[in-house]
2 protein chains.
Amino acid sequence: MYKPATIKDIALALNLSPSTVSRALRDGYEISEETKKLVVAYAQKVNYKSNPIALSLKNKRSYSIGIVIPRLANSFFSQAIAGIESIAHERGYFTIITQSHESAERERANINHLAQRSVDGLLISISSEASDFSFLKALHDDGMPMVFFDRTIDEIDTFKVTSDNRKGAYNATESLIKAGKRKIALLASASHLSITNERRSGYQKALVDYGLPFREDFIRYCNEGGNNYQEVEDAVKGLLTMADKPDAIFISADRISIGCVRALKNLSFDTKEIAIAGFANSDVVDLLQPSISYVKQKSFEMGQIAIEMLLKLIEAKYPITEFETRVLDTELHLVQ
Amino acid sequence: MYKPATIKDIALALNLSPSTVSRALRDGYEISEETKKLVVAYAQKVNYKSNPIALSLKNKRSYSIGIVIPRLANSFFSQAIAGIESIAHERGYFTIITQSHESAERERANINHLAQRSVDGLLISISSEASDFSFLKALHDDGMPMVFFDRTIDEIDTFKVTSDNRKGAYNATESLIKAGKRKIALLASASHLSITNERRSGYQKALVDYGLPFREDFIRYCNEGGNNYQEVEDAVKGLLTMADKPDAIFISADRISIGCVRALKNLSFDTKEIAIAGFANSDVVDLLQPSISYVKQKSFEMGQIAIEMLLKLIEAKYPITEFETRVLDTELHLVQ
DNA sequence: GTGAAAGCGCTAACAT
DNA sequence: ATGTTAGCGCTTTCAC
C-alpha cells in the first residue's frame with residue numbers, strides 16, 4: 001500500500017513530539033533553529049508532504065476550488081479553465097473540474113459533491129437544463145462562496161462575470177446587415193439561459209436600428225445547446241425550407257455555430273446564398289468551410305477574473321456585501 | 001459559514017451514540033428497524049450527507065480517481081475523459097482532472113498532489129516533456145494503482161491502453177501513396193513519446209512496402225506538440241521550401257494536424273499541390289479547409305477501457321501481477 | 001523550547 | 001441492540 005510519511009513518523013524517528021514537528025515544519029516562532037533544521041532535513045529525506053485530507057478535516061479549509069461547467073469539449077470552457085488555473089495554482093489553490101453535460105441532475109450532484117469535499121468556493125457556469133436553483137441558494141446562504149461566469153443566474157446575489165452578449169450579438173447581426181442581408185434568422189440555445197436572452201436582445205436591436213422587421217418565425221431554439229447535431233440540422237432545414245426563407249443566420253451559441261456550419265455543408269447550401277455569423281470560441285473556426293463570421297469571447301480572461309473574484313470572497317476578512325458584475329467585450333471576426 | 005450536519009449532531013438530537021447512528025445510516029445488521037427508521041428520517045430531514053474528507057482520512061480510500069493529461073483543449077483528451085467519467089460515476093467514483101500543459105514539472109506536481117489527496121488510483125497520459133519517471137515508479141512501487149492510456153511508458157509494468165498507432169500511421173501513409181503521392185514527409189510530435197515512435201514506424205513501413213525511399217530530411221519534429229503554432233508553421237515552411245520538396249505530409253499528432261492545416265492556408269498552399277493526412281480527433285476536422293484526411297482514435301472507448309482496468313486494479317482482492325496492454329483500432333477518414 | 005491532550009467526522013473493535 | 005473508545009494526520013490550546 002502507498003503510505004507516505006506522517007508527522008508522527010518524523011516525531012518518532014527524531015524523538016520529538018508530533019506538535020514540535022508540526023510547528024517546526026511550519027516555521028513556528030517558538031521552535032529553536034536547531035530543531036527546525038533537524039526536522040526539515042529529515043522531512044526532506046523521507047519526502048514528507050502534509051496530508052491535505054487531514055488538513056481539510058482539521059481546518060475546514062481545503063485550498064481547493066470547484067469548477068462546475070456544462071462541457072469540457074466546448075472550447076470556451078476549456079479556455080476559461082486554463083485562465084482559472086493560471087491564477088489558482090499560483091495562489092496555492094487546487095482546482096477540481098466537473099461537467100454537467102447540460103444535465104440539471106448531474107450538475108446538482110456535482111455541486112453537492114464538491115460542497116461535501118469542502119472546496120473553499122465554487123466557480124459556476126450553469127447548465128442549460130437547470131431551472132431550480134433553490135439548493136444552490138441554500139448553499140450560498142449557508143456561506144459557500146460562489147462566483148458565476150458566462151452563464152449566470154439572477155437568483156443569487158454574488159460576483160459575476162459575463163461577456164457583453166448583447167453587444168456581441170448586435171455587432172454580428174449588424175455585420176450581416178452591412179453585408180446586404182435583409183432577412184436574418186436567429187438560431188439560439190435553450191431559451192431560458194441568461195446568455196440566450198441577452199444575445200437575442202442584441203440581435204433584435206440591430207434589426208430594429210436598421211429598420212428591419214423582427215420576425216418570430218425566423219427564430220429557432222436548440223434546447224440541447226448544439227450537443228445534438230440532428231436538432232441543429234432540423235432547425236436549419238426548417239429555416240431554409242420556408243417559403244419566404246432567410247438570407248442569413250445569426251447563431252447565438254458556440255456549439256450550435258459549429259453544428260450550423262456542418263448543416264449547411266450537409267444540406268449543400270453555400271454561404272453565398274445564406275451567410276452565417278455566430279458566437280464561437282473554437283480555435284479553428286477561421287478554418288471552417290462553409291465559412292462563418294464569429295464572435296469570440298475572452299474566455300481565458302473571463303476565467304482569470306472569475307477566480308480573482310472568488311479568491312477575494314474566500315479570503316475576505318469581513319463578509320462582502322457589495323457585489324460586482326464584470327462584463328467583458330467580445331471580438332468580432334469577419335469572414336474574408 | 002457553511003456547516004453541514006454531522007453524525008454527532010444526529011446522535012445528540014436522537015439521544016443515541018454516534019456509532020449507532022453510523023451503523024443505522026449504513027444499514028448495519030445489528031441495528032433495530034425502529035432505530036434505523038428514526039435515524040434515516042432525521043438524517044433526511046437535516047439533509048445529512050456523509051463527509052467524504054473524514055471518510056478518506058479514516059479509510060485511506062476516497063472513491064476518487066485522478067486523471068493526468070497534457071491538455072483539456074485537445075479533443076482527444078476531452079473525449080477520453082467523457083469515457084472515463086461515464087463509467088467512474090456509475091461505479092460511484094469521483095474524478096479529479098489535472099492538466100500538465102506538457103510540462104514535466106506541472107505533471108509531477110499534479111501527480112504528487114493527487115497522491116496526497118489519496119485518490120484511489122491514477123489514469124495517466126504522459127506529457128511530452130517528461131523524461132524522468134523515477135518518482136512515478138516509486139509511487140507505483142508504493143502501491144498506487146495506475147493505468148496509462150494513449151501516451152504510455154515502458155518503465156512501469158501495469159495495465160495500458162493505446163491505439164494501434166503503427167497501423168493507423170501505416171494506413172494514412174498508404175492512402176497518400178495510393179493517391180499518387182511519392183514524396184511523403186513526416187511531421188511529428190516530440191521524438192521520445194511512445195506514440196511518436198510507433199507512428200513513425202508505421203509511416204516508414206508503408207514507404208518501404210511500396211518501394212519508396214525513407215528520407216531523414218523529410219522528417220520534422222515539433223517538440224511542443226502543436227501547442228505552439230509558429231513551431232508548426234516553421235516546420236511546414238521548412239519542408240515546402242526544400243529544393244526537392246515533398247508532395248504530401250503525414251502528420252503524426254492531433255494538434256499538429258490542425259496547425260498544419262492552418263500553415264498551408266497561411267502559406268497559401270493548396271492540398272492539390274500538397275496533400276495532407278494526419279492523426280486528429282477534433283469533431284470538426286472534416287469541415288476544415290484546406291482539407292485533410294485523418295486518422296481518428298477511439299478516444300471515448302479508450303477512456304472507458306482505461307477506467308475499467310484501473311477499477312479492476314483498485315478493487316482487486318489479491319494483487320494483480322499479470323498486466324494486459326489493450327491496443328485499439330483507429331479509423332481512417334479519407335478526404336472526399 | 002517542547003510535550004500532552006483534545007478534536008475535526010467517521011468507523012470498527014471491543015464492551016455491555 | 002446499543003454504547004465506549006480509539007485512531008486516521010494534523011493543529012492548537014494549555015502545561016511544564
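All heavy atoms count here, side chains included; hydrogens, waters and symmetry mates do not. Residue numbering restarts at 1 for every chain, and letters A, B, ... go by the order of the sequence lines.
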### Summary
Within residues 5-19 of chain A, the residues having a heavy atom closer than 4.0 Å to DNA chain C are A/N15, A/L16, A/S17, A/S19
### Query
What residues form a side chain to side chain contact (heavy atoms under 4.5 Å, CB included) with A/N59, not counting sequence neighbours?
A/L55, A/R61
### Message
Please classify the nucleic acid contact of B/Y48 as base, sugar-phosphate, or nothing, using heavy-atom distances under 4.0 Å.
### Response
sugar-phosphate
### Task
Would you grab the first and last nucleotide of DNA chain C (5' to 3') that comes under 4.0 Å of any non-hydrogen atom in chain A?
C/dG1 to C/dG9
### Query
A/K60 NZ to D/dT12 P: how many Å, rounded?
14 Å
### Query
Heavy atoms under 4.0 Å, any strand shown: does B/S32 hit a base, just sugar-phosphate, or nothing?
sugar-phosphate
### Task
Flag the pair A/Y93 / A/I84 as yes when at least one side-chain heavy-atom distance between them is below 4.5 Å, and no otherwise.
no
### Query
Heavy-atom distance under 4.5 Å between the side chains of A/V21 and A/K8, does that happen here?
no
### Message
Taking the side chain as everything from C-beta on, heavy atoms only, tell me whether A/F149 gets closer than 4.5 Å to A/M309.
### Response
no
### Where B/A73 and A/S78 come nearest, the two heavy atoms and their spacing
CA-OG, 3.9 Å
### Query
Atom OH of B/Y29 to atom C1' of D/dA1: distance rounded to whole Å?
11 Å
### Contact nearer the 5' end of DNA chain C, comparing B/E30 with B/K49
B/K49
### Message
For B/R71 and A/E85: C-alpha separation, side-chain torsions, deciding distance, then whether salt bridge (charged side-chain N to carboxylate O under 4.0 Å, His left out) applies.
### Response
CA-CA 12 Å; B/R71 346 185 87 232; A/E85 291 186 340; over 6 Å; no
### Task
Whole angstrom is fine here: how far is it from CG in A/L25 over to P in D/dT11?
8 Å
### Query
Do you know the tightest heavy-atom contact between B/N51 and A/Q116?
OD1-O, 4.0 Å
### Task
Specify the separation, in whole Å, of atom NZ of A/K58 and atom C1' of D/dC8.
14 Å
### Query
So, B/S103 and B/E129: side-chain donor and acceptor under 3.5 Å apart, yes or no?
no
### Side chain to side chain, B/I7 and B/Y48, heavy atoms closer than 4.5 Å
yes
### Message
Please classify the nucleic acid contact of B/L57 as base, sugar-phosphate, or nothing, using heavy-atom distances under 4.0 Å.
### Response
base
### Task
Grab the CZ-P distance between A/R23 and D/dT11 for me, whole Å please.
11 Å
### Query
Using a cut-off of 4.0 Å on non-hydrogen atoms, how would the nucleic acid contact of B/S50 be classed: base, sugar-phosphate, or nothing?
sugar-phosphate
### Query
What does A/T35 touch in the nucleic acid at a heavy-atom separation under 4.0 angstrom: a base, only the sugar-phosphate, or nothing?
sugar-phosphate
### Summary
Taking for B/A54 and for B/V21 the nucleotide of DNA chain D with the nearest heavy atom, the one nearer the 5' end belongs to B/V21
### Query
Once you round it to whole Å, what is the distance between P of D/dG9 and CG of B/N59?
12 Å
